Amino acid sequence: MFALVDVNSFYASCETAWRPDLRHKPVVVLSNNDGCVIALSAEAKAIGIKRGAPYFEQRELFRRHGVVVFSSNYALYGDMSQRVMTTLEAMCPRVEIYSIDEAFCDLIGVRNCRDLDEFGREIRATIRQHTLLTVGVGIAQTKTLAKLANHAAKKWTKTGGVVDLSNQTRQRKLMALVPVEDVWGIGRRISKKLEAMGIKTALDLCDTDIRFIRKHFSVVLERTVRELRGESCLGLEEFAPAKQEIIYSRSFGERVSDYQRMREAVCSYAARAAEKLRSEHQYCRYISTFIKTSPYAADPFYGNSVGQRLLTPTQDTRDIINAAVRCLDHIWRDGFRYQKAGVMLGDFFSQGVAQLNLFDDNAPKPNSAALMSVMDTLNMKDGKGTLYFAGQGITQSWQMRREMLSPCYTTHLADVPVARAN
DNA sequence: TCTGGGGTCCTAGGACCC
DNA sequence: TCTGGGGTCCTAGGACCC
């Protein structure tokens, strides 16, 4: 038995938790670079603002309705997330953190001594008490059904935010009401195809012959159908498997047209990616760089990527910057207004030296581990960027926009204003 | 003027081997 | 007239998730 617990309007709720004056007001949070809307409070949803819509298109609507707008503040959301997960881990024997705002809980054991619905309500009350955040709880035999139950808990307020869907008659009753595109694992493309086949509700999908699904779709959808029928195919993954790749990419605050500035950005992104790699205790052998212009702009599109395989796995920022810049030099073209770049690391090893190679012009550097550890320690201590490489540049005019950033209430207390004039 | 970022899994197709 | 079969590995691209 699984419970899916997720926070309502997570990013927006993190912002209002620290601003009681904003309760019951329409609040939205923007993506990086203040690009589009990624989170909305209930009041903002009621106005008809859409998730994913570009900010600049809706600015007028926001102004008319007095919508309060925030840039995303991941330092705050990450810390609030940890508080929610810690509470869950104290209440449930096994927890899988599925994303920044949701977790699956294993209810085996709990089921023997507690009423599940009542337990769900206790989770909800405790998290609210600890964090001021409100969660929805869905309970069922499979992850996909638990997701469905959670969906129902959010949609129908009279459930009080908790739905126990372990009863099969209730499962079928609910599935008949849920459009197939709302099922976990069914995206836009597959729901279109299913609807064209006359499969419109979750119940239609549940009752479709498994051989038919297998013939027209992949094993992924087959699993979803089995899970809707109560056959558990996806287990609880309490310990996250090691990552297979690490990506660092950002849109630029303003378009980049000259090579020097692009090189600065790529060096910085490479350094960030290398930092993440070391925090995962991994070494990589594959490094790639991509750059692209805006797909929405009227001017001709250019996007390209190229990768390079090293002879020896590394976690040294200098190696990674070198490789990323060599890749950039392969794909750079003058005369475009670039919107975004990124650096990807792959082909991971848990130890550095696989085998020393006679022909490696990029051989392991002496004292590399000590140098990297000094850099990481310094940079962790006082936010980011105390110590950096010359190639990353000083002015960094390509940095992303975050014009409506809230204070990092829980992690950098010095930033929090005592009183706010407004 | 202005449209996010970071991941995973699966499949098809090509290269290569015997 | 007629030109095999089976396997692995790798990569790119599609689809999905939050």
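Throughout, a chain's letter reflects where its sequence line sits, starting with A, and its residues are numbered from 1. Just so you know, these numbers come straight off a predicted model, no measurement behind them.
Here A:Lys193 lies out of heavy-atom contact (under 4.0 Å) with every strand. A:Ile100 comes within 4.0 angstrom of nothing in the nucleic acid, heavy atoms only. Looking at heavy-atom distances under 4.0 Å, A:Ile246 makes contact with sugar-phosphate atoms alone, never a base. Within the 4.0 angstrom heavy-atom criterion, no nucleotide atom of any strand lies near A:Asn33. Note on A:Glu254: nothing from the nucleic acid sits closer than 4.0 angstrom, heavy atoms only. Within the nucleic acid shown, A:Tyr55 has no heavy atom closer than 4.0 Å to any nucleic acid atom. Using a 4.0 Å heavy-atom criterion, one finds that A:Asp34 contacts no nucleic acid atom at all.
Straight-line distance from the CG atom of A:Leu221 to the P atom of B:dC9: 18 Å, rounded to whole Å. What separates CD1 of A:Ile38 from P of B:dG5 is a distance of 10 Å, to the nearest Å. For the pair A:Leu234 CG and C:dC16 P, the computed distance is 16 Å after rounding to whole Å. One atom, CZ of A:Phe10, and another, P of B:dG5, lie 19 Å apart when rounded to the nearest Å. In this structure, A:Leu345 atom CG and B:dT8 atom C1' are separated by 17 Å, rounded to whole Å. Straight-line distance from the OH atom of A:Tyr77 to the P atom of C:dC18: 19 Å, rounded to whole Å. In this structure, A:Asp182 places its CG atom 14 Å from P of C:dC16, rounding to the nearest Å. In this structure, A:Lys192 atom NZ and C:dC16 atom C1' are separated by 15 Å, rounded to whole Å.
Under a cutoff of 6.0 Å and an axis angle of 45°, A:Lys276 and A:Tyr248 do not form a cation-pi pair.
Here the rule is ring pair (Phe, Tyr, Trp, His ring centres under 6.0 Å) with A:Trp18, and of A:Tyr409, A:Tyr77, A:Phe70 only A:Tyr409 fits it.
Closest approach to the A:Arg250 side chain among B:dC10, B:dG5, C:dC18 is made by B:dG5 (side chain taken as heavy atoms from C-beta onward). Counting only heavy atoms from C-beta on, A:Tyr248 has its side chain closest to B:dG6 among C:dC18, B:dG6, C:dT11. Relative to the side chain of A:Trp184, the nucleotides B:dG4, C:dC16, C:dC18 differ in distance, and C:dC18 lies closest. Taking only side-chain atoms of A:Lys276, from C-beta outward, the nucleotide of B:dT11, B:dG6, B:dT3 with the closest atom is B:dG6. You'll find that the side chain of A:Ile247 is closest to B:dG7, out of B:dC2, B:dG7, B:dG5. Comparing atom distances between the A:Tyr98 side chain and each of C:dC18, B:dG6, B:dC10 picks out C:dC18 as nearest. Here the side chain of A:Asn32 is nearest to one of C:dC18, B:dG5, B:dC2, namely B:dG5. Minimum atom distance to the side chain of A:Ser218 is reached by B:dT11, of the listed B:dT11, B:dG4, C:dC18.
In terms of phosphate contacts, A:Arg401 brings no side-chain nitrogen or oxygen within less than 4.0 Å of OP1 or OP2 of B:dT1. Listed pair A:Ser251 / B:dT3 fails the phosphate criterion, with no side-chain N or O lying under 4.0 Å from OP1 or OP2. For A:Arg337 and B:dC2, the shortest distance from a side-chain N or O to OP1 or OP2 is below 4.0 Å. For the pair A:Lys147 and C:dC18, the criterion of a side-chain N or O lying under 4.0 Å from OP1 or OP2 is met. Here A:Arg189 does not reach the OP1 or OP2 of C:dC17: none of its side-chain N or O atoms lies under 4.0 Å away. Residue A:Ser31 places none of its side-chain N or O atoms closer than 4.0 Å to OP1 or OP2 of B:dT3. Residue A:Arg402 places none of its side-chain N or O atoms closer than 4.0 Å to OP1 or OP2 of B:dG4. Of the side-chain N and O atoms in A:Lys243, none sit less than 4.0 angstrom from OP1 or OP2 of B:dG6. Distances shown here put a side-chain N or O of A:Arg223 below 4.0 Å from the OP1 or OP2 atom of B:dC10. OP1 or OP2 of B:dC2 has at least one side-chain nitrogen or oxygen of A:Arg255 nearer than 4.0 Å. Within the 4.0 Å cut-off from OP1 or OP2 of B:dC2, not a single side-chain nitrogen or oxygen of A:Gln339 is found.
In this structure, A:Tyr11 has its ring center under 6.0 Å from that of A:Tyr74.
Residue A:Arg261 comes nearest to A:Ser397 through the heavy atom pair NH1-OG, 2.5 Å, listed as atom of the first residue, atom of the second, then distance.
By the 4.5 Å heavy-atom criterion applied to side chains, A:Thr224 and A:Val183 are counted as neighbours.
Applying the Watson-Crick and G-U wobble criteria (two distances, each under 3.5 Å), B:dG5 pairs with C:dC18.
Within the 3.5 Å criterion, the main-chain N or O of A:Gly136 finds a donor-acceptor partner in the side chain of A:Asn150. A donor-acceptor pair under 3.5 Å is formed between the side chain of A:Thr159 and the backbone N or O of A:Ala153.
Using atom C1' as the reference point in both C:dG4 and B:dC16, the two lie 16 Å apart (nearest Å).
Positionally, the nearest nucleotide of DNA chain B for A:Arg59 lies more toward the 5' end than for the other of A:Pro241 and A:Arg59.
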Would you please test A:Asp347 and A:Arg309 for salt bridge (Lys or Arg N to Asp or Glu O under 4.0 Å) and show each step?
-> CA-CA 9 Å; A:Asp347 197 8; A:Arg309 197 168 299 278; 2.6 Å; yes
